[in-house]
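Numbering starts at 1 and runs along the sequence shown. Since the model is a prediction, treat every value here as computed from it, not as a measurement.
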Amino acid sequence: TNMEPNRIFLIIAILVIVTCLCWTALAKTVTGVGVHQFGVSITENQSCEIAKQKAEADAIRNAFGETVGSTDWQMCDDNNCDYSFFSWIEQQGQITGILNETRVILNNPRQCRISIVAKVEEIKLQDPNFHLNLKINNTIFKEGEHLKIHIKPSTKMYVYVFNWANGDGFYKLYDGKISDKITLPTTDKYAYVARLLDAKESKEFILVVGSKKPLHFIDTYKTETLLEILQQHRIQGALIQKINFKIIL
């Protein structure tokens with residue numbers, strides 16, 4: 001009986017050590033750096049916010065790497081416009097805390113440089129039996145052409161489809177529960193028509209969220225708002241896939 005307390009203490013100690021080792025494997029403290037240029041059409045604060053997004057993406061890459069095909073997609077061609085970063089969708093980790101942040105303004109050209117020390121936590125792999133295939137009927141559309149979206153789920157799931165365009169954010173095209181492959185739109189009574197609004201071309205993408213349980217989305221979102229929501233859904237097991245396309249004259 002005198003050994004019982006010691007044995008209990010030993011078991012607790014082992015559990016604590018194992019837990020700490022597991023946490024160490026899942027979480028890391030790393031550095032990340034991001035730089036973004038600013039000028040007439042983008043303020044210093046806007047430039048630094050984009051630089052911080054780059055620094056966070058860099059920290060995640062430094063901690064766990066990223067899957068093949070994960071890219072930061074530049075949405076316009078000049079240095080003074082907004083960039084949108086969606087590589088977190090393919091990355092293996094997330095920022096859980098920033099321990100230190102340094103901002104430096106560089107000249108010639110004017111740039112904001114953000115350096116961070118961050119805690120990055122690994123995102124566990126998804127259920128291999130829960131996945132979907134996403135295709136569209138083209139990657140380059142002329143204005144007025146119809147876009148069709150093909151989705152094939154591995155099992156029954158709730159599906160939410162969004163269109164993203166620079167400056168417009170996200171617009172929900174579809175939500176519903178599916179158990180077999182579908183093509184959107186599901187009826188010939190209407191179509192997804194490629195449109196240009198006072199532009200020579202538009203870089204856009206279709207984003208699909210798949211979930212084992214119903215989620216609640218409104219019809220429109222600012223880019224940053226939906227990305228924050230999607231990060232949380234992804235951590236809880238939701239599927240998130242996107243496919244890029246371009247609209248031209």
Side-chain angles (χ1 to χ4, degrees), residues 20 23-124 162 164-170 199-205 207 220-235 240-242 244 246:
C20 290
W23 173 254
T24 301
L26 293 174
K28 298 182 180 182
T29 299
V30 295
T31 60
V33 178
V35 179
H36 188 73
Q37 185 173 336
F38 63 93
V40 177
S41 60
I42 181 171
T43 67
E44 178 179 318
N45 285 339
Q46 289 172 327
S47 177
C48 288
E49 182 60 33
I50 295 168
K52 184 175 179 180
Q53 293 174 10
K54 290 184 177 182
E56 291 179 353
D58 186 48
I60 294 172
R61 283 192 294 267
N62 291 338
F64 301 112
E66 60 189 359
T67 59
V68 175
S70 173
T71 57
D72 293 333
W73 191 24
Q74 181 180 342
M75 306 308 297
C76 49
D77 297 326
D78 60 87
N79 288 325
N80 294 326
C81 64
D82 259 346
Y83 285 63
S84 293
F85 298 94
F86 301 92
S87 66
W88 59 264
I89 293 175
E90 290 92 8
Q91 287 177 332
Q92 300 175 24
Q94 61 162 338
I95 300 290
T96 58
I98 295 179
L99 305 177
N100 185 57
E101 179 179 326
T102 303
R103 175 190 294 197
V104 177
I105 302 302
L106 306 172
N107 292 309
N108 299 321
R110 295 277 285 170
Q111 295 176 312
C112 180
R113 176 189 174 96
I114 298 289
S115 302
I116 63 172
V117 178
K119 287 185 177 181
V120 182
E121 183 176 337
E122 186 177 14
I123 296 177
K124 296 179 180 179
F162 293 89
W164 183 91
N166 192 29
D168 296 330
F170 289 95
K200 294 181 179 180
E201 67 176 37
S202 178
K203 294 180 180 179
E204 304 185 14
F205 64 79
L207 184 142
T220 60
Y221 287 93
K222 291 183 178 179
T223 300
E224 297 80 5
T225 301
L226 186 59
L227 288 182
E228 291 177 1
I229 294 172
L230 292 179
Q231 282 179 315
Q232 295 305 312
H233 287 322
R234 179 173 180 243
I235 294 167
I240 301 174
Q241 291 193 21
K242 69 177 178 70
N244 305 341
K246 182 188 293 186

J.: Between Tyr221 and Ile229, is any pair of side-chain heavy atoms under 4.5 Å apart?
T.: yes

J.: Not counting sequence neighbours, which residues clear side-chain hydrogen bond (donor to acceptor under 3.5 Å, both in side chains) with Glu44? List them please.
T.: none

J.: Test side-chain contact (heavy atoms from CB on, under 4.5 Å) on Glu204 and Lys246 and set out the steps.
T.: CA-CA 6 Å; Glu204 304 185 14; Lys246 182 188 293 186; over 6 Å; no

J.: Which is it for Thr96 and Val120 under the side-chain contact (heavy atoms from CB on, under 4.5 Å) test, yes or no, and what are the steps along the way?
T.: CA-CA 6 Å; Thr96 58; Val120 182; over 6 Å; no

J.: Do Thr31 and Ser115 come within less than 4.5 Å of each other through their side chains, counting heavy atoms only?
T.: no

J.: According to the salt bridge (Lys or Arg N to Asp or Glu O under 4.0 Å) rule, which pairs have a member within residues 106-118, sequence neighbours left out?
T.: none

J.: Decide yes or no for Phe170 and Thr223: does some side-chain heavy atom of the first lie under 4.5 Å from some side-chain heavy atom of the second?
T.: yes

J.: So, for Ala59 and Val30, which heavy atoms are closest and what is the spacing to 0.1 Å?
T.: O-CG2, 3.3 Å

J.: Rounded to the nearest 0.5 Å, what separation is found between the CG atom of Leu227 and the CD atom of Gln53?
T.: 8.5 Å

J.: Any idea how Phe205 and Trp164 line up, ring-wise: parallel (<30°), tilted (30 to 60°), or perpendicular (>60°)?
T.: parallel

J.: Considering residues at least two apart in sequence or located in another chain, which fulfil the side-chain hydrogen bond (donor to acceptor under 3.5 Å, both in side chains) criterion with Thr43?
T.: Gln46

J.: Should Leu99 and Lys119 count as side-chain neighbours, where that means a heavy-atom distance under 4.5 Å?
T.: yes

J.: Check whether any side-chain heavy atom of Val33 lies under 4.5 Å from a side-chain heavy atom of Ile114, and answer yes or no.
T.: no

J.: Is any side-chain heavy atom of Arg103 less than 4.5 Å from a side-chain heavy atom of Cys48?
T.: yes

J.: Determine whether Thr29 and Val117 make a side-chain contact, defined as any pair of heavy atoms from C-beta on separated by less than 4.5 Å.
T.: yes

J.: Working to the nearest 0.5 angstrom, can you tell me the gap between Asp168 CG and Lys222 NZ?
T.: 13.0 Å

J.: Is the backbone N or O of Gly32 less than 3.5 Å from a side-chain atom of Asn62, with the two atoms forming a donor-acceptor pair by type?
T.: no

J.: So does Glu101 pair up with Lys52, basic N to acidic O under 4.0 Å?
T.: yes

J.: Got Leu230 and Leu207 here, is their nearest side-chain heavy-atom distance under 4.5 Å?
T.: yes

J.: Assess the residue pair Ser47 and His36 against the criterion (side-chain contact (heavy atoms from CB on, under 4.5 Å)); give the C-alpha distance rounded to whole Å, side-chain angles, the decisive distance to 0.1 Å, and a yes or no.
T.: CA-CA 6 Å; Ser47 177; His36 188 73; 3.5 Å; yes

